[in-house]
Protein chains: 2
Amino acid sequence: MLGSRQRRMEAHQVIFYENDAVSDVFLIQRGWTCAYKILSDGARQIIYFPLPGDIVGFSNLVVGKATTSLECLSETIISPISASAIYGVLTSDSKVAQGILWAMEQDRAMMTEHLVSVGRRSALVRTAHLIVEFALRLRLIGAQTDNSFNFPVSQGVLADALGLTAIHVNRILRQLREADLMTLQSGRIAIHDIDQLMALAAFDPTYLSPPRGMTDD
Amino acid sequence: MLGSRQRRMEAHQVIFYENDAVSDVFLIQRGWTCAYKILSDGARQIIYFPLPGDIVGFSNLVVGKATTSLECLSETIISPISASAIYGVLTSDSKVAQGILWAMEQDRAMMTEHLVSVGRRSALVRTAHLIVEFALRLRLIGAQTDNSFNFPVSQGVLADALGLTAIHVNRILRQLREADLMTLQSGRIAIHDIDQLMALAAFDPTYLSPPRGMTDD
DNA sequence: CGACCCATTGAAATAAATCAACCTTTGTGG
DNA sequence: CCACAAAGGTTGATTTATTTCAATGGGTCG
C-alpha cells in the first residue's frame, strides 16, 4: 500500500537537499516541513510548507534529483514512495491517479498563492494570508479543533517564506496582535478573529478544497 | 494525436479566465502567453509565461475550472487537449505519461524560480533572471538563432511578472542597457552579453533542460 | 486630428531593510 | 544547580529600494 513504510525525523533534520539524487516522493504523515531554495548569497526562499497529507517531491520523480531542499520544522513522520510505485499507480488505478494529480494541483495552487502574495500583497496582508492558509489546512486535515494550533515556525523561517526580514515579520506580528486578530506565542498561534483576518487577507479558500466528487461528500 | 486540433488567437485575447469552467489543457504551439491572477484591488500577478511547447492548465484537469487566467501577448496558436485524452494517455502510454509529468515539472520549476526571484532577488537581478530564462527557453525550442528575439511584453506586463511597478521596470531596463548587457526596443530584446547577464542573475540553467533519457541525445 | 497606450524622467513619499542594542528562553556542560 | 552559550524575540534609529505622484513625448489606430 502507498505510504505504509514510515520514517521518523527530528526537527531541523533535512529529508533531502536540493540536488540530492532522490527519485522517491514523500507523503508527510505527521509534523511540519518546509521546502526551500538557497541562493548563492546564502539567502533562503521557502517555496511552501508541506503538511500532513501532502505529497512532496514530484520533481524528484521526473528529474531524478531534488529541486528544492525539504526540512523538518518539528518531529515528523514521512512515508517514502518510490518512483516505480507512482508510475505503476498512474498506469493502473485511475482513482488513485486522480488523487495524485489532485495532490500535484494542491501543491501548485499553494505555490501560486504564495507567489501572488510575495509579488503583490503588502507585508501585513501577505502574512495574514499565510496564517489563514495554515489555519484552514489544519482544519481540513482535522488537526485544529479550537481556534489555536501549534506552530513550530520561527519568525526567521516565516520571514524566508514571506520574502521579508525576521525583524519586519516581528513588527507585522505585533500589528496583528495589537489589532486583536491573532497571537503567536511560544510556538503556538491563537486566532482571535478568523473572519476579520480572512477579510484583511482577502482570502479565497476555494483553492484548498478538493473538487466535488473527490471526497465522500 | 495529441495537439492536432488548432486554434488561432490574437494578442490580448484571453484563452480562459480564472474560474471559467474548462477541463481542457492547452498546448501552446506558437506565440507568447501569460498566466496570471487578479487581486481584489485590481492588482495583477503574473505567475509565468507559457511559450511554445509548454502545456498549460493541468489545474483545469483536476479542478474542472481554470485557477489562473491565460492571455495571449502576441498572435498565438494553441491546441486544446481534453481531460479524457490526458487521462487516457496517463493510463496507457507510459512514455507519453512521462512526457506529461515532465511538462508539469517544467511548469513547477519555473514557478519556483519565479517565486525565489520575487521573494529574494533585487529588482535588477530578478529582471535579469527572467530575461535570461526567456533567452534560454527560446534557444531550447529553436526560436532564437542570434542573440536577439521578439518580445511582445510591455513594461507594464513585465512589472506584473516581477512584482514591480512599470516605472521601476523602466529604470531597471535602463540600467541593463547602460551596463551594455541588453536592450529592449520596439518589441525586441537584444542581448549584448549573455555571460555577464547570467552572472548578474546567478542563473543556473539546469531547471530548464529535460532530464537524461528524455530526449534523443 | 484626437485618443489611447506605452515609454521616459524627476521629485517626493513610504515600505521594508539594515544596523545596533538588549532581552528572554532553551539547552548544555561543568 | 548554576553558568554560560546559542537561538529566538523585541524595539529604536537610520538608510535604502521601490512606489507614488506628476509631467512629457512618441507611436499607433480609428
Side-chain angles (χ1 to χ4, degrees), chain A residues 10-13 32 34 39 41-46 71-75 117-128 130 150-178 182-190 200, chain B residues 10-13 32 34 39 41-45 71-75 117-130 150-178 182-190 200:
Chain A
E10 301 302 319
H12 304 293
Q13 275 192 293
W32 286 66
C34 66
L39 294 159
D41 67 356
R44 177 169 75 155
Q45 176 71 44
I46 293 178
E71 183 178 323
C72 301
L73 294 168
S74 64
E75 193 184 305
S117 265
V118 177
R120 283 291 184 235
R121 294 196 251 249
S122 72
L124 180 67
V125 170
R126 193 189 310 178
T127 306
L130 186 61
N150 280 328
F151 189 67
V153 180
S154 73
Q155 294 181 8
V157 170
L158 214 37
D160 281 341
L162 295 166
L164 300 169
T165 56
I167 293 173
H168 201 59
V169 166
N170 183 283
R171 296 193 226 268
I172 298 291
L173 290 174
R174 173 165 36 151
Q175 281 184 57
L176 290 170
R177 191 187 329 123
E178 286 173 352
M182 55 146 292
T183 312
L184 167 50
Q185 215 167 35
S186 44
R188 199 167 174 83
I189 283 183
L200 170 63
Chain B
E10 301 302 318
H12 304 294
Q13 275 191 296
W32 286 65
C34 66
L39 294 160
D41 67 355
R44 177 168 77 153
Q45 175 71 45
E71 183 178 324
C72 301
L73 294 168
S74 65
E75 193 184 306
S117 265
V118 177
R120 283 289 184 237
R121 293 196 251 251
S122 72
L124 179 68
V125 171
R126 194 188 309 177
T127 305
H129 197 278
L130 186 61
N150 280 328
F151 189 67
V153 180
S154 73
Q155 294 182 7
V157 170
L158 213 38
D160 281 342
L162 295 166
L164 300 168
T165 55
I167 293 173
H168 200 60
V169 167
N170 183 282
R171 297 194 226 268
I172 298 291
L173 289 175
R174 176 169 30 156
Q175 280 184 58
L176 290 170
R177 191 188 328 126
E178 286 174 352
M182 55 147 292
T183 311
L184 167 50
Q185 215 167 35
S186 44
R188 198 165 176 85
I189 283 184
L200 170 63

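The basis for the numbers below is simple: all heavy atoms, side chains too, and nothing from hydrogens, waters or symmetry mates.
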Checklist outcome for this item: From the list A:Leu164, A:Val169, A:Asp160, side-chain contact (heavy atoms from CB on, under 4.5 Å) with A:Gln155 holds only for A:Val169
Next on the checklist: Measuring to OP1 and OP2 of D:dT11, would you say a side-chain N or O of A:Arg174 lies under 4.0 angstrom away?
Outcome noted: yes
Checklist entry - Rounded to the nearest 0.5 Å, how far apart are CG of B:Leu200 and CD of B:Gln175? => result 9.5 Å
Next on the checklist: In the structure I gave you, are the side-chain heavy atoms of B:Leu162 and B:His168 within less than 4.5 Å of one another anywhere?
Outcome noted: no
Item to check | B:Arg120 side-chain N/O to A:Arg44 backbone N/O, donor-acceptor pair under 3.5 Å | outcome: yes
Checklist entry - Can you check the B:Gln185 CD to D:dG26 P distance for me, whole Å? => result 15 Å
Item to check | Trace of the side chain to side chain contact (heavy atoms under 4.5 Å, CB included) decision for A:Trp32 with A:Val157 | outcome: CA-CA 12 Å; A:Trp32 286 66; A:Val157 170; over 6 Å; no
Item to check | Separation of A:Thr127 OG1 from A:Arg171 CZ (nearest 0.5 Å) | outcome: 13.0 Å
Checklist entry - Does anyone know the first and last nucleotide of DNA chain C in reach of chain A, 5' to 3', at under 4.0 angstrom to a heavy atom? => result C:dA16 to C:dA20
Checklist entry - Which residues, if any, of residues 164-173 of chain A bring a heavy atom under 4.0 Å of DNA chain C? => result A:Leu164, A:Thr165, A:Ile167, A:His168, A:Arg171
Next on the checklist: Categorize A:Gly187 for me: base, sugar-phosphate, or nothing, with a 4.0 angstrom heavy-atom threshold over every strand shown.
Outcome noted: nothing
Next on the checklist: One pair to check against side chain to side chain contact (heavy atoms under 4.5 Å, CB included): A:Leu184 and A:Val153. What are the steps and the verdict?
Outcome noted: CA-CA 10 Å; A:Leu184 167 50; A:Val153 180; over 6 Å; no
Checklist entry - Closest nucleotide of DNA chain C for B:Leu184 versus for A:Arg121: which of these residues is on the 5' side? => result B:Leu184
Checklist entry - Considering only heavy atoms from C-beta outward, does the side chain of B:Leu176 approach that of B:Leu124 to under 4.5 Å? => result yes
